[in-house]
Novice: 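There's a structure below that I have some questions on.
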2 protein chains.
Amino acid sequence: MELDERKAKILTAIIQNYQETGEPVGSRTISKLTDLSLSSATIRNEMADLEEMGLIVQPHTSAGRIPTDKGYRLYVDQMMADNRREVAEIKDLVVERVDRVELYLKQMAKVLAANTNYATMITGPSYHDTKLKFIQLSRVDAGKLLAVVVVEGNVIRNTIFDVDEGLTDEELLSLNLLLNTKLNGLSMREINLGIIKDIEAAAGAHGAIVSQVLDAVADAIRTDDDMQVYTSGATNIFKYPELSGSQTAQDLISTLEDKKDLGELVRSGLKEEAGEGIQVYIGEELPVAAMKDCSVVTATYDLGDGMRGSIGIIGPKRMDYQKVVGTLQKVMDQLDGAYKKTLAIGNKEQT
Amino acid sequence: MELDERKAKILTAIIQNYQETGEPVGSRTISKLTDLSLSSATIRNEMADLEEMGLIVQPHTSAGRIPTDKGYRLYVDQMMADNRREVAEIKDLVVERVDRVELYLKQMAKVLAANTNYATMITGPSYHDTKLKFIQLSRVDAGKLLAVVVVEGNVIRNTIFDVDEGLTDEELLSLNLLLNTKLNGLSMREINLGIIKDIEAAAGAHGAIVSQVLDAVADAIRTDDDMQVYTSGATNIFKYPELSGSQTAQDLISTLEDKKDLGELVRSGLKEEAGEGIQVYIGEELPVAAMKDCSVVTATYDLGDGMRGSIGIIGPKRMDYQKVVGTLQKVMDQLDGAYKKTLAIGNKEQT
DNA sequence: GTTAGCACTCTAAACAGATGAGTGCTAACA
DNA sequence: TGTTAGCACTCATCTGTTTAGAGTGCTAAC
């Protein structure tokens, strides 16, 4: 069986109507809705075909049809490109006084959730490819050092750690100088054994302490919870009856609260960098069981300086894919390198 | 009407049975449950009295009775002290490698939620009374300074801020020295205009920069979101049918996600330091409308060094007050100054 | 003061039609 | 050959009714 243009139109109409109403859509509705000017009987014949092809199903006899995962997949892959709707301006994208990427992302999650009416998640960037900008060791207590690390994007990390040997103030000063000279501009990934050896040698008598320091630096850069995930708008799922059925809602909210699965989900999307970076997962395609009634659209953002992470929007299968993809696309465009600018403005306001 | 001992026993029995089952409890049940060996008819008479006193109600005619807010209040205030049950050991209180109070509290929230089966929230400590331990200014970019502030408890805060004047390395060094000398051991609250003037004078030519720096320090100490609130176990509310009724659940989860109301709620509790610091809010007593079907038990923790905040446990009105209060009491005992010890261990493991 | 007995109330569950949306099929039509 | 009108059929949903059971309040007896 082949999907001719008329069938495609009908499928699109079903998907779009179901998206709005959440109710199975019948042949009469389609007959009136489309500009095909066909009777409901004809539509019925076509719908029978579409059902045979596995693109739509009836929840029960004598009910209208709803799209299957396969139907959505077809829709997303082929039909959406055609009539790309102009995306409404994103409101409330007021990002004020942000001197930390984390806050920026949190705000972004909130704004996206408010704009789309779906749940959103954003993973914090991984800092492995981010360049070191500044390292500062200071003594806090006797035997306790504070390491402050600033990386590109003015992201600040710090740890307190113990050192075995005592250091004089002068030694600390020269160690600081040494570290900054040797490491400045390098990313964590680029710091290899050779460089470490180099620094140890240069540190002379206190070479032993270097590895301790570098460990602490690595520790500081690695975000606290391995990878941070910010979620927002979890309660939006209550807006969709098919999701707020007790068990589903519970599992979903749990998943969103837990955030562990989410990181996993998004990370897997990060690897395959196909297309324009926006990916759509529909129902069973998702690796997380709790989400089998959902669709997730993910995108990879790049704040510049190697700060890359991803954004996911979680909604019912009947989510407005066009709007979501469009919004995400738009946000990505805005985000692309935009952080630095915002940062600059933010800092100016702050003083 | 007076509440004699028998009535009290019956009220207690009703509350405890309702706590377990969540169903209105009838006279027969009480008759069998208590050791009063009274017939259901007698119990009925007593229950009619209790109802008249406003301590219990029938959801509808021909249903059993459930406690009112007033009934719970009486129970919590008077009857709980008597037979304080021995609290089960708190499991999973594994606090590993924590060098930040924030993480510690997050873990604590999780553990409490898992142990009680209620939702929990913990507010981060306010640092206004915490003593400054160490301040470090460093130049990151031209015209951009990084201020790192360490307070008691090894809590580290930082900001990047712009300065108008250029500073030489020597000037920066002496400014650092000056700040540490003048401010060490003081809390934010203790830094008054006199001290600021003092420092400005001592800074000489660069006196103007001092206020900028102090602003930044204050900014750094103030936690990012004014006051941080960590929540956990929000989905536990689905375990209680009377809360998971669509609208209530939605509002509640929203409230927990939003966290703003929570801070308010807990903050108000912080002021009145009555009793042993543990307070119980029942239903309408709560200032947050979304929580009118809930009870909240709050406690104030003190990690030492002025780091004080509070823990709240949110559950249905029929929550196990004894267990919750007991658990909270226990956690408070463990927490009392325990953070420092944990911190020390954590740091040792880390190196 | 306590208890047994009984009539009464009200909820929840179970059941039975009635309704109507929607289908599939067939036959007629262009 | 594709399209349409008509019709019988299905089934979820709604509505009203019945039934069972839990629990009460009251009264009268102990």
Side-chain angles (χ1 to χ4, degrees), chain A residues 1-11 13-15 17-18 20-68 71 241-242 245-246, chain B residues 1-11 13-15 17-18 20-68 71 241-242 244-245:
Chain A
M1 181 96 45
E2 204 176 333
L3 189 85
D4 56 20
E5 193 182 340
R6 197 169 73 178
K7 282 192 175 56
K9 259 192 179 168
I10 292 173
L11 178 58
I14 291 174
I15 288 178
N17 189 260
Y18 181 61
E20 284 166 30
T21 64
E23 301 281 307
V25 20
S27 52
R28 245 183 82 92
T29 317
I30 298 296
S31 160
K32 278 183 287 184
L33 217 73
T34 56
D35 50 352
L36 292 168
S37 59
L38 291 171
S39 80
S40 61
T42 315
I43 305 284
R44 274 204 288 285
N45 287 330
E46 296 286 34
M47 279 163 87
D49 291 350
L50 287 172
E51 179 155 16
E52 201 183 324
M53 293 161 78
L55 299 175
I56 54 178
V57 277
Q58 300 179 271
H60 56 85
T61 336
S62 91
R65 308 301 219 283
I66 60 174
T68 60
E242 69 266 45
S246 59
Chain B
M1 180 97 44
E2 206 177 330
L3 189 86
D4 57 18
E5 194 182 341
R6 196 169 73 177
K7 282 191 176 53
K9 260 193 177 165
I10 292 174
L11 178 57
I14 290 174
I15 288 178
N17 188 261
Y18 181 61
E20 284 166 29
T21 64
E23 301 281 308
V25 20
S27 53
R28 248 183 78 92
T29 317
I30 299 295
S31 159
K32 279 184 286 184
L33 216 72
T34 56
D35 50 352
L36 292 168
S37 59
L38 291 172
S39 80
S40 61
T42 313
I43 306 284
R44 274 203 289 284
N45 288 330
E46 296 286 34
M47 279 164 86
D49 290 352
L50 286 172
E51 181 154 15
E52 201 184 325
M53 295 161 76
L55 299 174
I56 54 179
V57 278
Q58 302 180 269
H60 55 85
T61 338
S62 92
R65 307 302 216 283
I66 59 174
T68 60
E242 69 267 45
S244 52

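As the structure is a computational prediction, the values presented were derived from the model and not from experiment.
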Novice: To the nearest 0.5 angstrom, please state how far the CD atom of A:Glu51 sits from the CE atom of A:Met47.
Specialist: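 Nearest 0.5 Å value for the CD-CE distance: 8.5 Å.
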Novice: Nearest 0.5 Å, please: how far is CG in A:Leu36 from CZ in A:Arg6?
Specialist: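 Taking CZ in A:Arg6 and CG in A:Leu36, the distance rounds to 7.0 Å.
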Novice: To check you understand the geometry: which heavy-atom pair defines the closest contact between A:Pro67 and A:Tyr18, and what is its length?
Specialist: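 Heavy atoms only, the tightest pair is CD-CD2, 3.6 Å.
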Novice: Drop me the distance from B:Thr68's OG1 to B:Met53's CE, to the nearest 0.5 angstrom.
Specialist: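 Those atoms lie 10.5 Å apart.
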Novice: Taking only heavy atoms on the protein side, list every residue of residues 49-65 of chain B lying under 4.0 Å from any atom of DNA chain C, sorted numerically.
Specialist: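 Heavy-atom cutoff 4.0 Å gives B:His60, B:Thr61, B:Ser62.
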Novice: Need to verify one output field. Residue with the more 5' nearest nucleotide on DNA chain C, A:Ala41 or B:Asn45?
Specialist: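 Its nearest nucleotide being more 5', the pick is B:Asn45.
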Novice: Between A:Glu46 and A:Ile30, is a side-chain contact (heavy atoms from CB on, under 4.5 Å) present by the stated rule, with each step listed?
Specialist: CA-CA 11 Å; A:Glu46 296 286 34; A:Ile30 298 296; over 6 Å; no
Novice: Using atom CG of A:Leu33 as one end and atom P of C:dG22 as the other, report the distance to the nearest whole Å.
Specialist: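 After rounding, the reported distance stands at 13 Å.
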Novice: Which heavy atom of A:Gln58 sits nearest a heavy atom of A:Ala63, and at what distance?
Specialist: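 Smallest interatomic distance, heavy atoms only, reads NE2-O, 3.1 Å.
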Novice: Shoot me the first and last contacting nucleotide of DNA chain D against chain A, ordered 5' to 3', at under 4.0 angstrom to non-hydrogen atoms.
Specialist: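 Span of nucleotides near chain A: D:dT3 to D:dA12.
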Novice: Could you tell me the separation between the CD1 atom of B:Ile43 and the CZ atom of B:Arg65, rounded to the nearest 0.5 Å?
Specialist: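 Answer for the CD1-CZ pair, B:Ile43 versus B:Arg65, is 11.5 Å.
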Novice: Would the distance check show the side chain of A:Ser31 and the main-chain N or O of A:Ser39 forming a donor-acceptor pair, the cut-off being under 3.5 Å?
Specialist: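 No, the answer is negative, given that no donor and acceptor are paired below the 3.5 Å cut-off.
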Novice: Taking a pair as Watson-Crick (N1 to N3 plus N6-O4 or O6-N4) or G-U wobble (N1-O2 and O6-N3), both under 3.5 Å, which stems of 3 or more consecutive pairs involve DNA chain D?
Specialist: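 Output for stems: C:1-30 with D:1-30.
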Novice: Among B:Ile15, B:Ile10, B:Leu11, which one satisfies side chain to side chain contact (heavy atoms under 4.5 Å, CB included) with B:Leu55?
Specialist: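 It is B:Leu11; the other options fail the test.
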Novice: Expressed in angstrom and rounded to an integer, what is the separation of B:Ile10 atom CD1 from C:dT2 atom P?
Specialist: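 Interatomic distance, CD1 of B:Ile10 to P of C:dT2: 10 Å.
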Novice: For B:Leu36 and C:dG1, what is the distance between atoms CG and P respectively, to the nearest whole Å?
Specialist: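 Going from B:Leu36 (CG) to C:dG1 (P), I get 16 Å.
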Novice: Report yes if the side chains of B:Lys9 and B:Thr34 come closer than 4.5 Å at any heavy-atom pair, otherwise no.
Specialist: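 The answer is no, as the side chains (C-beta and beyond) never meet within the 4.5 Å cut-off.
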Novice: To the nearest 0.5 Å, what is the distance between CG (A:Leu50) and CD1 (A:Ile14)?
Specialist: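 The CG atom of A:Leu50 sits 6.0 Å away from the CD1 atom of A:Ile14.
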Novice: Toward the 5' end of DNA chain C, which comes first, A:Arg28 or B:Leu38, by nearest nucleotide?
Specialist: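 Final value for this comparison: B:Leu38.
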